[in-house]
Amino acid sequence: MFNLIGALFSGLIIGALARFFYPGAVEMGWGMTMLLGIGGSLLAGFATTRGSDGFNRAGCLASIVGAIVLIFVGRTLGWHF
C-alpha cells in the first residue's frame, strides 16, 4: 500500500517538474500530471536499468527527462492531455 502511495506522490512531483522544464505551456490536470510522472519514471527505468534499488538523484533526473520525452511524443502525435 505504501509503495503505491509513494509512486503516486513521486509521480506527481516528477510530472510537475517535467511540465515546469518543458518549453511552452503544457495544459493538463493533476491526474494526468501524476500519470505523466509515473510514465516518465517507468520509461527511465527501462532505459537505465542497472539493478540498483532505492532513491538516487540520477534516477530522479532520468525520470524527469523520461516525462519530458513523453510530453514531446504526445504533442508530436497530436494527443491532447
Side-chain angles (χ1 to χ4, degrees):
M1 182 68 181
F2 289 114
N3 288 337
L4 177 63
I5 294 170
L8 293 177
F9 183 71
S10 65
L12 182 63
I13 292 172
I14 289 168
L17 287 172
R19 285 178 56 190
F20 177 75
F21 289 119
Y22 190 81
V26 181
E27 298 179 12
M28 65 177 74
W30 290 105
M32 284 302 295
T33 300
M34 191 179 302
L35 291 175
L36 174 72
I38 293 171
S41 294
L42 290 174
L43 180 66
F46 288 135
T48 62
T49 301
R50 294 183 302 225
S52 62
D53 289 335
F55 177 80
N56 59 27
R57 288 178 289 201
C60 288
L61 291 175
S63 297
I64 294 169
V65 170
I68 290 172
V69 167
L70 289 179
I71 292 172
F72 176 76
V73 168
R75 286 192 166 196
T76 302
L77 295 177
W79 296 340
H80 298 285
F81 298 108

In Å and rounded to the nearest 0.5 Å, what is the [atom1] to [atom2] distance from [X] to [Y]?
X     : Y     : atom1 : atom2 : result
Phe9  : Ile38 : CZ    : CD1   : 12.5 Å
Trp30 : Leu35 : CH2   : CG    : 13.5 Å
Ser63 : Ile13 : OG    : CD1   : 11.5 Å
Leu61 : Ile14 : CG    : CD1   : 9.5 Å

Heavy-atom closest contact ([X] atom, [Y] atom, distance):
X     : Y     : result
Gly40 : Leu70 : N-CD1, 3.5 Å
Ala44 : Ala62 : CB-O, 3.2 Å
Gly66 : Leu43 : O-CD2, 3.5 Å

Could you go through residues 15-26 and list every donor-acceptor pair under 3.5 Å that involves a side-chain atom there, pairing it with any protein atom two or more places apart or in another chain?
from, atom 1, to, atom 2, distance (Å)
Arg19, NE, Val26, O, 3.3
Arg19, NH1, Met28, O, 3.2
Arg19, NH1, Thr33, OG1, 2.7
Arg19, NH2, Val26, O, 3.1

Going by the side chain to side chain donor-acceptor pair (under 3.5 Å) test, which pairs reach into residues 7-18, not counting sequence neighbours?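 Checked against side chain to side chain donor-acceptor pair (under 3.5 Å) - neighbours excluded - no pair reaches residues 7-18.
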